[in-house]
Trainee: 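I'd like to ask you about the structure that follows.
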Amino acid sequence: MSEDQSCAVNPDIPTQESLPLAVVQGQSLDSLPKDLYIPPDALEVFLDAFEGPLDLLLYLIRKENLDILDIPIAEITRQYVDYIELMQNMRLELAAEYLVMAAMLAEIKSRMLLPRPAAVEEDEDDPRAELVRRLQEYERFKQAAEDVDELPRMGRDVFQAEAGAGNRQVVKLPPEVQLPDLIAAFQDVIKRASMYAHHHVQLESLSVRERMSSVLERIRASHFTRFDDLFTLEEGRMGVVVTFLAVLELSKESLLEITQAEAFAPIHVKAADSAQAVPEQATGT
Amino acid sequence: MDIKRLKQIAEAILLAAARPVTLDQLLALFGENERPERAEMRAALEALEAEFDGRGIELVQVASGYRIQVTDEMQPWVSRLWEEKPARYSRALLETLALIAYRQPITRGEIEDVRGVSVSTSIMKTLQEREWVRVVGHREVPGHPAMYGTTKEFLDYFSLKSLDELPTLAELRDLSTIGEELQLDLSDIPETQLAPANDDSEPEQDAEVIDMAQAPDAAEDDSPATLH
Amino acid sequence: MDIKRLKQIAEAILLAAARPVTLDQLLALFGENERPERAEMRAALEALEAEFDGRGIELVQVASGYRIQVTDEMQPWVSRLWEEKPARYSRALLETLALIAYRQPITRGEIEDVRGVSVSTSIMKTLQEREWVRVVGHREVPGHPAMYGTTKEFLDYFSLKSLDELPTLAELRDLSTIGEELQLDLSDIPETQLAPANDDSEPEQDAEVIDMAQAPDAAEDDSPATLH
């Protein structure tokens with residue numbers, strides 16, 4: 001194990017090179033390991049620089065270019081404990097995890113010192129195995145975090161491209177209705193109204209009902225419309241009949257008036273007077 | 001910096017900004033030693049504007065600076081980005097619509113008589129705004145209530161040539177006795193948007209519906225209600 | 001519709017949306033009778049991507065769809081548009097995020113086990129507020145701790161299409177004392193370069209890593225990060 005390298009190496013984290021040894025809080029610092037010297041005002045920063053005991057250990061290992069798979073436990077433990085003591089001396093609040101790690105290192109160290117029979121050695125776990133596993137596992141995610149940080153990031157490296165899109169009002173779509181739904185609704189309402197037995201609706205074909213609407217729309221109460229004009233010859237005979245039925249039905253319901261000045265004179269129709277109350281609505285748009 | 005480079009940077013800035021940027025603001029984004037002349041920048045912007053020609057975007061100047069925006073011509077597609085999924089119509093609305101279709105011209109009071117409950121103003125308003133229903137006259141009774149009828153838009157929406165194509169009451173009665181599977185067929189008709197994969201099954205089902213919905217004698221070629 | 005027209009419309013839509021748009025969402029913006037085939041749309045997007053080449057913008061695919069973005073090459077100019085500097089994230093946050101991304105679903109306790117320190121509540125809160133991370137279930141152990149996973153927003157933010165695009169995790173090495181021959185053997189096999197699967201000592205963990213970070217189907221079908 002590479003015990004004698006340690007003195008040559010300084011931690012190269014926060015500002016270690018600045019202050020002379022002697023002046024720190026008026027204390028003699030001769031007792032501190034030289035490679036561990038950190039100005040006290042930087043200690044907190046130093047502590048912050050590590051994400052925990054695993055990170056600190058990794059730092060100690062990497063600092064000395066050691067193979068993580070073959071950690072010199074005695075030396076690393078010594079350095080680690082020195083750091084911990086230093087921090088405690090400075091009365092820095094130390095996360096409990098750091099102390100747990102110190103205990104774990106001490107335990108591994110003691111197990112390493114125990115003589116083991118050569119025959120067993122092959123099979124038995126290296127006392128460092130668990131620590132090595134945890135260090136590696138932590139290190140790969142430490143690396144992964146750095147990799148993630150390198151990924152192109154929105155608003156830092158790349159930016160959403162956006163063009164103005166006019167007024168960005170949310171368009172509310174009207175609901176869709178399917179014909180079967182409409183028919184089902186009609187069936188329901190008719191059933192509810194106990195009108196199934198009635199023939200009322202059956203009597204006139206729907207086209208007459210529809211034509212009644214369109215005739216009503218075309219005539220006005222204010223003036224007469226020529227009866228002939230209500231018919232569209234292109235519709236054929238069926239169309240003429242439907243319109244005629246519609247006019248008769250409207251007349252029966254007193255919705256329109258039919259007049260003829262004299263025999264064989266043109267017949268005129270107009271909306272019933274009642275519609276005059278609201279002519280602009282009655283004639284539709 | 002050549003004009004091609006300036007154009008590139010200006011485009012990137014305007015697209016990233018998502019707000020209008022003035023010429024001065026544009027220039028301020030350059031380091032001092034690389035900052036172009038105003039005239040150079042203006043030329044780059046003009047070149048950019050010309051480049052957009054025939055694309056779906058354009059460079060415009062508004063009060064607060066230059067902005068890249070989508071052309072009006074693209075609005076039909078773009079505006080659908082912010083469409084909201086439609087809700088469904090209430091039972092009351094569908095029943096009201098059905099009564100108007102089958103019993104027109106019909107007053108609100110008559111609808112209420114059949115349905116046994118009052119018809120809300122908002123339903124009548126919705127139906128008229130949708131342009132499925134309109135006032136076709138007024139009944140000669142006290143208060144002269146408006147009579148409602150369906151519109152051409154109503155027929156178009158439901159792909160009907162005329163109201164004749166709605167099943168008659170007699171047919172509806174048959175329908176309800178024929179049983180479940182037929183009704184299932186009816187309600188299964190894939191309508192509009194999302195079902196291009198159902199293309200195969202659609203024509204058959206449609207044919208079936210037409211069969212049931214058309215009154216046999218009214219289904220002539222010269223069906224009267226095709227005009228309006 | 002020809003490809004030039006489709007390209008034009010796609011560009012306008014993607015720029016107007018200002019968020020990623022999927023192929024299906026794009027197609028849904030077309031009326032039924034003008035809707036292009038998926039293959040046509042995809043070809044148009046590819047043509048658009050090629051057209052952007054060498055410009056300050058690019059068409060990329062991220063988890064939530066296609067996105068037009070300003071390239072990082074334009075960052076020096078564009079970043080000056082905003083006075084506020086983009087947020088920098090602490091190592092603690094990034095390590096926690098990395099563990100959730102690579103090891104999901106993972107509990108807070110499991111994160112703490114790997115990191116060797118406790119995970120602060122504020123970090124978990126920040127990650128969830130940014131909508132990068134969310135609770136995807138609870139571990140069936142005493143206390144039912146929440147398990148965390150990453151979201152589509154996480155992938156979008158880091159310009160990733162899926163979790164398998166995350167940088168590959170470093171492989172675990174075996175203890176040299178036990179594994180010297182093994183390592184020799186392994187170094188003879190060239191095609192295993194990237195796969196962490198060559199670690200015999202921890203098959204389970206590696207399997208998990210492969211599931212999450214490498215196998216494309218696993219990332220699509222099972223991984224919570226592709227859900228929403």
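Here is the naming used below: chain letters follow the sequence lines, and residue numbers restart at 1 for every chain.
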Trainee: May I ask you to test the C/Y89-A/D149 pair for a side-chain heavy-atom distance under 4.5 Å?
Mentor: no

Trainee: Less than 4.5 Å apart, side chain to side chain, heavy atoms only: is that true for C/S79 and A/D157?
Mentor: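 No, every pair of side-chain atoms sits at 4.5 Å or beyond.
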
Trainee: Quick check: closest heavy atoms across A/V148 and C/L97, and the distance to 0.1 Å?
Mentor: CG1-CD2, 4.3 Å

Trainee: I'd like to know which of C/T71, C/I57, C/V78 tops the heavy-atom pair count under 4.5 Å against chain A.
Mentor: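 Ranked by heavy-atom pairs under 4.5 Å with chain A, first place is C/V78.
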
Trainee: Taking side chain as everything from C-beta outward and backbone as N, CA, C, O, which of these in C/A12 sits under 4.5 Å from a heavy atom of chain A? Side chain, backbone, both or neither.
Mentor: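 Answer is neither: C/A12 stays 4.5 Å or more from chain A.
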
Trainee: Can A/D55 and C/R91 be said to form a salt bridge (Lys or Arg N to Asp or Glu O under 4.0 Å), step by step?
Mentor: CA-CA 11 Å; A/D55 199 21; C/R91 271 183 57 198; 2.6 Å; yes

Trainee: Compare all side-chain heavy atoms of A/R134 with those of C/D113 and state whether any distance is below 4.5 angstrom.
Mentor: no

Trainee: Heavy-atom distance under 4.5 Å between the side chains of A/E97 and C/S118, does that happen here?
Mentor: yes

Trainee: Is A/E51 paired with C/R115 through a side-chain N to carboxylate O contact shorter than 4.0 Å?
Mentor: yes

Trainee: Is any side-chain N of the basic residue among A/E137 and C/R103 closer than 4.0 Å to the acidic one's carboxylate O?
Mentor: yes

Trainee: Would the distance check show the side chain of A/R140 and the main-chain N or O of C/A170 forming a donor-acceptor pair, the cut-off being under 3.5 Å?
Mentor: yes

Trainee: About how many Å separate CD of A/Q160 and CG of C/L14, when rounded to the nearest 0.5 Å?
Mentor: 9.0 Å

Trainee: Does A/F141 offer a backbone N or O that forms a donor-acceptor pair with the side chain of C/E95 under 3.5 Å?
Mentor: no

Trainee: Is there side-chain contact between A/L151 and C/Y157, with at least one heavy-atom pair below 4.5 Å?
Mentor: no

Trainee: Can you tell me which portion of A/Q143 sits under 4.5 Å from chain C's heavy atoms? Options are side chain, backbone, both or neither.
Mentor: neither

Trainee: Measure across A/V158 and C/S159 and return the closest heavy-atom pair with its distance rounded to 0.1 Å.
Mentor: CG2-OG, 4.0 Å

Trainee: Out of C/E73, C/Q75, C/E58, return the one with the most heavy atom pairs under 4.5 angstrom to chain A.
Mentor: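 Winner by heavy-atom pair count: C/Q75.
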
Trainee: Looking at every heavy atom in both A/G155 and C/P86, which two are closest together, and how far apart are they?
Mentor: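 Nearest heavy atoms, A/G155 then C/P86: O-CB, 3.7 Å.
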
Trainee: Sort by residue number and list every member of residues 22-31 of chain C having a non-hydrogen atom under 4.5 Å from chain A.
Mentor: none

Trainee: Before giving the answer on side-chain contact (heavy atoms from CB on, under 4.5 Å), spell out for C/F158 and A/M154 the whole-Å C-alpha distance, their side-chain angles and the decisive distance to 0.1 Å.
Mentor: CA-CA 7 Å; C/F158 289 97; A/M154 288 300 279; over 6 Å; no

Trainee: C/L160 versus chain A, heavy atoms under 4.5 Å apart: side chain, backbone, both or neither?
Mentor: side chain

